Every structure is written in structure tokens, then in C-alpha cells.
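Predicted model, so just to flag it, every value in this text is computed and none were measured.
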Amino acid sequence: MRKGLVAAALLAVWIVSGCFEKEQAVPIIDEAMDVISQHGVNVKNRGKLDAFIDQTEGTQRVVHYTIEGDPVFHELKHIGDRIELRYDNRWDREGNQQVTTRMCSELKLVETDTYLSYTLTGCDGERSEVDILRMEYELRPKVTFDMELRFGVNQRKEINTKERTVVKDLQNGGTAAIRDFEFTDKESQSIYKALVLADYQEDKSLTTVCNKKPHESFDLTVKLANESYHYAWSECDKSEDGKRMTMLVDDIIGMVEEREEYKRLPAVQGYYE
């Protein structure tokens, strides 16, 4: 009887410890090195996949989170002229919890107006192509999409799609404006694509501090459906986020300045010292 109880106790300890070890075995997510995707909307370190495409050796891990918050891993490794894919979903509570490995020929990037994808091609097995990462950025009809951008010295310039206005700073104390301004559907789609690829929903490390005088600063508010996102920074912000956001607004400003109605506005009549 006692031996039976001891055996049962040891079995219980073994089961509990085994479960504990499984819980502890979840790989640590490397926020700096892993490509991390939250349902293809927020993607961190996407550029590392671009670097992997250009390399002929090395590894790269891509982490996808399920709706339930479980990590699923795609581990890529250059082996000769092939790429090994190790797929691991052991911590996906809704998945089949397996590790599979297959060899593929190439990782391809496809970028269109409405989506971007990284796809392995020439793979062994039933599926010759495997999507590693896919980002959708189609701006759906009837979804409210507005932006208010104030920029320049003392932020005297403005692009406001809700108020349908564009304001030009004449740099002599005065301004000139366009009324009833609208981006075309194609331009709006291009702006939304740029926002998604700049990870606009992620927290940004931006600063408005600038010792340069005069200097340009930026204040951007984006409204999409019922969500609102706000960013503020200066031209002195040379952080990765600062450079990405400046490139983003430079493209938007360029679209406006190419418009014929903008070119008809009065020329700048002064300058800042």
C-alpha cells in the first residue's frame, strides 16, 4: 500500500514538474533581434527580413502572436543556396503544437499598393510557397481617415484633411491658404500605406527638443475610424523614429506641393533668421 502511494506521489511530481518545465520552456522573445508581428498590423524590426534576403548566411526569427496572445515561431536559416524553415507552434493553444522543418529556395518580398508580403518559394512538401509575413494596408471605403499636420518654423504651415485646408507660411508674418482641399483616393491610400509601414500604431520615442534657431517642428494627428494617434517631434530628432516620421511627412508635404492649386499660392516673401 505504502509503495503504491509513493509511486503515485512520484508520478504526480513528475507530471507537475514536466508541465512546469513546458511552461518555462517558452523561448524568450528578443525585442531587438526578432521580427515581431501583432496580426500583421504592428510589426517590429521588419527591416531585418530585408537584410536576411540580401544575406547568404545567418538566421532570422519571426514571431507571430495569435489572437489569444500565444507566440508562433518561424525560424529561417541560410544553408548553402537554400533556406531552412523551422516552424514551431508548440505554445499556440489553438494549434496542433508541433515543430516542422522544410527547405525552400528563396525568400521573396512583394510590395503592392495594398499589401506587402515576405514569402518563401520553392519549398519542399505540398505547399511550395509559405507566407512568413504579410501586412495588409488597404484603406477600406467609408472608413474615416483624417490627418492634421502642423509643421515648419513655429508650425505656421498646416495640412488639415478634416477642415479641408492647406496653409502656406509666407514668412513675412502672413499666410496663404487653399480651401476645399482633398487628397485623391490614390493619394490617401499611399499615405495610409506609409503610415502602416512606419508602424503608426506603435509608441514612438520622439522629442521636440531642438537647440537650433530657428528650427522646424512637426505635430501630426491621425484619425482612423474611432482611433486617434498623435505625434510631436522636431527636425533635431535624429532617432530612428524621428527619421521615419520626418520621411513620412516629407512625402505628404511633397504631394501637396505638387498640386497646381498650391503652386498658384503667393511665393514666400521673407525668411527666418
E75 side chain reached by T59 side chain, heavy atoms, under 4.5 Å: no
R164 with E182: basic N within carboxylate O range, under 4.0 Å: yes
Joint cluster assignment, F183 & I178, ILVMFWY side-chain distance < 4.5 Å: yes
Any F218 side-chain heavy atom under 4.5 Å of L206 side chain: no
side-chain contact (heavy atoms from CB on, under 4.5 Å) between Y272 and Q171, worked out: CA-CA 7 Å; Y272 290 108; Q171 299 184 184; 3.4 Å; yes
Student check: side-chain heavy atoms of V222 and E227 closer than 4.5 Å: no
hydrophobic_cluster_shared for L220 and F181, side chain cutoff 4.5 Å: yes
Crowding at CD, E68 (>12 non-hydrogen neighbours, <6.0 Å): yes
Test log, rule side chain to side chain donor-acceptor pair (under 3.5 Å), inputs T165 and R179: CA-CA 5 Å; T165 59; R179 308 296 178 188; 4.8 Å; no
For D131, salt bridge (charged side-chain N to carboxylate O under 4.0 Å, His left out) partners two or more places apart: none
Test side-chain contact (heavy atoms from CB on, under 4.5 Å) applied to E202 and D241, step by step: CA-CA 10 Å; E202 291 237 334; D241 283 340; over 6 Å; no
Hydrophobic cluster membership, I53 vs V35, 4.5 Å side-chain cutoff: yes
More than 12 heavy atoms from other groups under 6.0 Å of CD1 on I79: yes
Salt-bridge present (K212, E235; N to O < 4.0 Å): yes
Separation of T100 OG1 from L85 CG (nearest 0.5 Å): 6.5 Å
Min side-chain heavy-atom separation V43-Q38 under 4.5 Å: no
NZ-NZ distance between K162 and K223, expressed to the nearest 0.5 angstrom: 4.5 Å
Q98 side chain to N89 backbone, donor-acceptor under 3.5 Å: no
Verdict with supporting geometry, D34 and R61, salt bridge (charged side-chain N to carboxylate O under 4.0 Å, His left out): CA-CA 5 Å; D34 291 338; R61 187 169 68 173; 2.7 Å; yes
Distance in Å, K193 NZ paired with S188 OG, rounded so as to fall on 0.5 Å steps: 14.5 Å
Spatial distance of atom CG (D219) from atom CZ (R150) [nearest 0.5 Å]: 4.0 Å
Intermediate values then yes/no, side-chain contact (heavy atoms from CB on, under 4.5 Å), V110 and Y118: CA-CA 7 Å; V110 176; Y118 294 85; over 6 Å; no
Any K108 side-chain heavy atom under 4.5 Å of E129 side chain: no
Salt bridge (charged side-chain N to carboxylate O under 4.0 Å, His left out) between D169 and R156, intermediate numbers included: CA-CA 6 Å; D169 181 14; R156 289 175 57 83; 3.3 Å; yes
For E138, salt bridge (charged side-chain N to carboxylate O under 4.0 Å, His left out) partners two or more places apart: none
Single-linkage hydrophobic cluster, 4.5 Å side-chain cutoff, Y231 and V196 together: yes
Exercise: do S217 and Q155 side chains pair donor with acceptor under 3.5 Å: yes
Basic-acidic side-chain contact under 4.0 Å: D70, R93: yes
Plane angle bin for W91 and F73 - parallel if under 30°, tilted between 30 and 60°, otherwise perpendicular: perpendicular
Residue pair Y192 / T114, side-chain heavy-atom distance below 4.5 Å: no
Straight-line distance of L120 CG to M103 CE, nearest 0.5 Å: 10.5 Å
Heavy-atom closest contact (L170 atom, A176 atom, distance): CG-N, 4.2 Å
Partner residues of R134 under the salt bridge (charged side-chain N to carboxylate O under 4.0 Å, His left out) criterion, sequence neighbours left out: E136
Trace of the side chain to side chain donor-acceptor pair (under 3.5 Å) decision for D88 with H74: CA-CA 7 Å; D88 185 351; H74 291 78; over 6 Å; no
Note, L149 side chain near K157 side chain (heavy atom, < 4.5 Å): no
Neighbour count above 12 (heavy atom, 6.0 Å) for D203 CG: no
Aromatic ring pairing Y229/Y200, orientation class (parallel under 30°, perpendicular over 60°, tilted between): perpendicular
side-chain contact (heavy atoms from CB on, under 4.5 Å) between E84 and T101, worked out: CA-CA 7 Å; E84 179 187 77; T101 303; 3.6 Å; yes
Y115 with V62, same ILVMFWY side-chain cluster at under 4.5 Å: no
Gap separating the CG atom of N211 from the SG atom of C236, nearest 0.5 angstrom: 7.0 Å
E187 side chain reached by R259 side chain, heavy atoms, under 4.5 Å: yes
Test side chain to side chain donor-acceptor pair (under 3.5 Å) applied to Y87 and R102, step by step: CA-CA 9 Å; Y87 176 79; R102 62 199 307 183; over 6 Å; no
Main-chain N/O of M147 paired with T161 side-chain donor or acceptor, under 3.5 Å: yes
Salt-bridge criterion met for K204 and D199 (N-O under 4.0 Å): no
No-hydrogen, no-angle side-chain donor-acceptor test under 3.5 Å, S239 and W233: no
NZ/NE/NH1/NH2 to OD/OE distance under 4.0 Å, K44 and E31: yes
